[in-house]
Amino acid sequence: MNLVCIVCPNGCRLTVTIDGEDITVTGQKCPKGKTYAIAEMTEPKRSVTTTVRTVFEEAPVLPVRTNGEIPKDKIFDLMKLLDGFVLNKRIKRGEAILRNVFDSGVDVIATSGMLMKEET
Amino acid sequence: MNKYDVVVIGGGPAGIAAAVAAHKQKAKVFLIEREARLGGILKQCIHDGFGLIRFKEKLSGPEYVERYIDMLNQTSVEAVTLTFVSDIKQVEGGYTLTLVNRNGISKIFGKTIVLATGCRERTAKQVLIQGTRPAGVFTAGTAQYYVNILGKMPTKKCVILGSGDIGLIMARRLTLEGAKVEGVYEVKPTPSGLTRNIVQCLHDFDIPLHLSHTVTKVFGEDRLEAVEVAEVDEKMNIKEGTQRKIECDALILSVGLIPENEVAYSLDIPLDRCTKGPTVDQTFMTMREGIFSCGNALHVNDLVDYVSEGGEIAGENAAVYKNKERKLIDIKTDKNFLYIVPQKIDINAPIDKIKIYFRSIKDFDNTKFIVSVDGKVIMTKKYAHLRPPEMESVKLDLSKETLNESSVILLTLEE
């Protein structure tokens with residue numbers, strides 16, 4: 001099976017062969033390609049980037065992301081969870097707004113510190 | 001009038017990197033941004049994948065650029081926002097810039113100028129499609145601004161024209177936020193965006209990509225109601241009988257980016273027909289003495305990491321600029337290149353660490369990149385794959401070569 005690695009912009013073209021329990025991966029320029037291909041064949045995962053609503057006038061939404069990958073089939077569950085979320089305190093870049101989503105060990109963190117700046 | 005060694009126009013990733021780099025060389029630097037916040041387009045690029053080269057981390061756009069803003073804040077660079085440059089005039093030893101902002105009109109002097117004005121989305125295609133011009137025809141960047149900055153959804157069901165990276169990213173983004181993306185239509189037989197974006201933005205969400213297809217008509221009075229799509233042949237002529245009407249409330253255009261060079265035009269700076277940015281030497285100085293260019297204003301980059309790198313080249317060289325005579329020679333290429341940056345080499349400037357950025361004109365597999373000087377091969381590099389959407393960069397050392405104004409530096413790609 002052929003895959004394109006999405007870990008980095010190199011976009012290595014990977015060839016995956018599955019023989020029973022054994023998964024062989026070729027075509028990767030780095031070890032991350034192999035990890036990606038195996039995950040893709042067993043439990044595909046993705047990081048999610050989106051925004052959450054805030055109560056602050058200067059920033060109606062704040063960008064956030066997962067600080068790791070969650071199972072691919074949980075992406076829309078996470079979107080639904082964040083749909084009901086309204087941020088009402090000023091947080092720093094990197095600060096978590098939700099911890100350990102779906103017991104994945106992954107947090108949702110703010111990716112901008114724009115709420116910390118009170119400058120006009 | 002305040003005087004500076006380096007005046008940077010544009011406070012996005014290129015401008016910030018240029019300002020920080022110039023400051024490191026002990027220059028007195030002034031940075032001008034027209035928006036309310038520094039950061040340029042990265043403020044709205046909330047997706048990740050930025051900084052893999054620079055920081056060895058997968059960051060979102062805001063995270064990447066805010067790291068640079070943090071660096072900038074630790075310097076004595078003066079940065080102003082909500083400020084426009086309305087005029088630039090050459091004077092003895094540099095340039096005077098007229099600035100307009102809420103405090104009125106002011107003038108500053110810069111020994112050198114770095115143009116870091118970014119690029120604009122192509123909208124020409126909007127004009128070529130038949131039909132009315134109802135609300136609902138957006139560029140991908142505008143749709144991105146609505147969703148990621150204003151927090152508003154511009155569509156419930158849309159068609160995307162063009163497979164540029166922002167279009168692909170927006171296909172995913174709009175789908176995540178509950179819109180239906182009917183499909184992405186690309187007039188060329190190959191996608192314009194990075195392969196990984198085809199995979200993670202389209203395949204992951206079962207969004208169809210229709211290659212060799214285009215939008216031929218728009219329908220609707222006040223608001224877009226439908227578009228017509230059709231298949232095209234190799235000559236990009238519409239194949240009769242393939243037309244199909246799709247009901248939708250938005251048409252999102254991702255049909256390319258063009259360097260923004262209004263300031264360069266006003267200074268009569270020669271532009272490169274291929275990059276649509278200024279022609280530069282290896283110091284990123286344009287053909288106008290003391291005026292440098294970097295980032296997407298110079299050529300449209302696919303990775304911000306390269307934008308930062310280019311900003312540093314321009315900023316550093318602007319800081320150490322001495323008005324000495326240049327001896328420029330062209331870098332020549334064979335027909336396999338879409339473009340190269342820089343286009344010229346100043347043999348009076350350092351030539352030991354020249355960074356060459358290039359794109360191939362089409363897909364190549366197992367290719368050799370060859371540099372020769374006066375017919376003698378001085379460097380080769382092998383590439384397993386070269387694709388026009390994926391820019392490559394190489395370091396070139398010419399310090400061991402005897403160069404004069406009639407030397408021929410030639411780049412070739414051999415299959």
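None of the values given here were measured: they were computed from a predicted structure.
Comparing A/Arg46, A/Arg93, A/Arg13, A/Arg65 by how many heavy-atom pairs each has under 4.5 Å with chain B, the most go to A/Arg93. Put simply, of B/Glu390, B/Gln200, B/Arg196, the one with the most heavy-atom pairs under 4.5 Å next to chain A is B/Arg196. Of the listed residues (B/Ile198, B/Asp48, B/Leu194), the one with the most heavy-atom contacts under 4.5 Å to chain A is B/Asp48.
In this structure, no portion of B/His203 lies under 4.5 Å from any heavy atom of chain A. Contact annotation for A/Val7: only backbone heavy atoms (N, CA, C, O) come within less than 4.5 Å of a heavy atom of chain B. Heavy atoms of B/Arg102 lying under 4.5 Å from chain A are absent altogether. Proximity to chain B is limited to the side chain of A/Ile75, based on heavy atoms less than 4.5 angstrom apart. Residue B/Asn197: no heavy atom, backbone or side chain, is found under 4.5 Å from chain A. For a residue to count as touching a neighbouring chain, one of its non-hydrogen atoms must lie under 4.5 Å from one of that chain's; by this rule A/Arg53 does not touch chain B. Only the backbone of A/Cys5 comes within contact range of chain B, with at least one heavy atom under 4.5 Å from a heavy atom of that chain. Using a 4.5 Å cut-off between heavy atoms, B/Ile149 touches chain A through its backbone atoms (N, CA, C, O) alone. The part of B/Val147 that comes within reach of chain A is its backbone (N, CA, C, O), which places non-hydrogen atoms under 4.5 angstrom from that chain. Of the two parts of B/Leu176, the backbone and the side chain both hold a non-hydrogen atom closer than 4.5 Å to a non-hydrogen atom of chain A. When heavy atoms are compared at a cutoff of 4.5 Å, B/Lys58 approaches chain A by way of both its backbone and its side chain. Looking at B/Phe50, there are no atoms closer than 4.5 Å to chain A (heavy atoms on both sides), in backbone or side chain.
For the residue pair B/Thr83 and B/Glu33, no side-chain donor N or O sits within less than 3.5 Å of a side-chain acceptor on the partner. Donor-acceptor pairing under 3.5 Å is lacking for the side chains of B/Tyr357 and B/His299. No side-chain donor-acceptor contact under 3.5 Å links B/Arg173 and A/Thr49. For the residue pair B/Glu186 and B/Ser192, a side-chain donor N or O sits within less than 3.5 Å of a side-chain acceptor on the partner.
When every heavy atom of A/Phe56 is checked against every heavy atom of A/Arg90, the shortest pair comes out as CD2-NH2, 3.5 Å. In this structure, B/Ser360 and B/Leu338 approach most closely via the heavy-atom pair O-CB, 3.6 Å. Minimum heavy-atom separation, B/Ile16 to B/Gly39: CD1-N, 4.3 Å.
The backbone N or O of A/Leu81 lies less than 3.5 Å from no partner atom in the side chain of A/Asp77, so there is not a single donor-acceptor pair.
Atom OH of B/Tyr145 is surrounded by 12 or fewer heavy atoms from other residues, nucleotides or ligands within 6.0 Å.
Salt bridge A/Lys74/A/Glu69: absent, no basic N to carboxylate O contact under 4.0 Å.
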